[in-house]
Amino acid sequence: MGLNWHRWVVSAFLLVAWALILDTGEICFCMGGKTSDFLRNDYLSLDMPIDSDTFRVPPGYNAPQQVHITQGDHVGKGVIISWISPHEPGSSTVIYWAENSEFKWQAHGFFLTYKYFNYTSGYIHHCTVHNLEFDTKYYYEVGIGNTTRQFWFKTPPPVGPDVPYTFGLIGDLGQTYNSNRTLTHYEQSPAKGQTILYVGDLSYADDYPLHDNIRWDTWGRFTERIAAYQPWIWTAGNHEIDFAPQLGETRPFKPYTARYHVPYKASDSTSPLWYSIKRASAYIIVMSSYSALGKYTPQYKWLEKELPKVNRTETPWLIVLMHSPIYNSYVTHYMEGETVRVMYEKWFVEYKVDVVFAGHVHAYERSVSSKFLIILTLQLLYTKDEYSLHLQDLCALIVVSFILYIVSMIFTLNFGLRY
């Protein structure tokens with residue numbers, strides 16, 4: 001029994017997705033339009049000089065610097081406040097108070113230092129403030145004596161399905177002139193982001209001779225203008241690995257994990273490189289592209305237990321952050337995320353992940369999952385009374401796929417429909 005006309009129509013319509021997957025290896029048409037008229041030129045941006053005013057040291061002896069905050073628990077009622085005292089330990093205590101309140105609280109943290117080749121860090125303080133009220137503005141103060149500094153932040157609303165919230169998204173920032181423009185663009189955005197999802201590659205200190213860790217300090221001072229006032233949800237990238245056995249440095253992620261603490265234990269993670277948080281209506285899972293991720297590894301076993309915990313009636317948005325993208329048609333870093341895709345794509349589909357944000361590739365690209373279209377197409381090509389494809393159907397699949405493959409190539413080349 002041959003294919004009737006309506007089966008041809010349905011097959012041709014649905015196989016558009018099939019043909020485009022053959023073309024791209026992943027996804028297809030994206031008719032979302034332009035998100036911005038901004039285009040950078042083709043020249044690489046230069047790093048800002050180390051004496052740039054964007055890296056200026058705050059005045060006063062041993063004044064706290066490189067202040068930054070991140071979420072400090074799983075639901076948003078805690079904040080981790082971090083800063084560096086350059087010359088001596090000073091105090092690891094944070095004084096904080098709610099807006100319009102005369103009562104002040106204290107939270108006590110700790111400090112650490114690290115050495116990297118010929119560099120010794122300042123005194124890196126981390127202090128977690130617990131049991132904050134939701135949707136409340138707090139002021140906080142760090143430092144002692146005449147060199148205290150004051151900042152503020154606002155806690156998120158309670159976790160729930162109908163909670164609007166605005167995230168910013170930044171990755172691969174570095175400390176170039178374009179980096180400065182990126183932060184300025186974010187500051188001036190009318191959308192007014194409330195928390196930044198950071199998808200890896202922070203300071204690029206490893207690009208300097210001897211992995212110059214002074215560039216970790218300049219980056220911390222550079223980003224303080226935003227990071228001290230709203231949480232940055234951290235993801236590690238390849239430039240955070242800092243593995244340099246030729247310098248005697250064999251502990252991966254040493255500077256990054258010393259400087260940027262995250263609440264990984266709150267989600268039962270065994271490593272700060274992968275963890276999860278809830279914030280407003282979103283459940284955010286952070287993964288590590290550069291840690292072991294094969295079957296039965298700690299990251300694999302953690303994610304296997306983590307995904308079923310997501311309650312979509314409480315947090316309808318499920319967001320995954322990683323550094324290396326699992327889909328990428330750009331020439332640079334092409335298919336570097338293939339291992340992650342092979343291991344975890346099926347889980348992302350099964351648990352209906354809404355969006356995966358990644359960095360690494362310094363070119364903008366977006367895609368829409370068409371997995372369900374492949375499944376639907378194959379189901380429609382089955383007959384109602386048996387579970388095998390007709391030979392005619394299989395031939396039709398091959399012919400239509402080839403024709404639509406050619407059509408997709410023409411559309412892609414002539415109309416620029418791939419993003």
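Positions are given from 1, in the same order as the sequence printed here. When reading the values below, keep in mind they use all heavy atoms of this one structure, side chains included, and skip hydrogens, waters and symmetry mates.
The aromatic rings of His261 and Phe110 lie tilted to each other, with the angle between the two planes from 30° to 60°. Using cut-offs of 30° and 60° on the angle between ring planes, the pair Tyr256 and Trp216 is tilted. Classification of the Phe55-Phe222 ring pair by plane angle, with boundaries at 30° and 60°, yields perpendicular. Taking the six-membered ring where tryptophan is involved, the planes of Trp105 and Tyr96 are essentially parallel, since the angle between them stays under 30° and well short of 60°.
Contact of the Val361 side chain with the Pro325 side chain is registered, since non-hydrogen atoms from C-beta on lie closer than 4.5 Å. A 4.5 Å side-chain heavy-atom check between Trp302 and Ser276 finds at least one atom pair inside the cut-off.
Both tests pass for Lys77 against the ring of Phe134: distance under 6.0 Å to the centre and angle within 45° of the axis.
Between Gln66 atom CD and Thr218 atom OG1 the span is 8.0 Å, to the nearest 0.5 Å.
A salt bridge links Lys309 to Glu306: one of the charged nitrogens lies within less than 4.0 Å of a carboxylate oxygen. By the 4.0 Å N-to-carboxylate-O rule, Glu141 lies too far from Lys104 to be salt-bridged with it. Salt bridge present: Arg259 and Asp217 bring a charged side-chain N and a carboxylate O closer than 4.0 Å.
Here the closest non-hydrogen pair linking Pro89 and Ser85 is O-OG, 3.5 Å.
Under the 3.5 Å distance criterion, the side-chain polar atoms of Thr136 are left unmatched by any main-chain donor or acceptor of Thr155.
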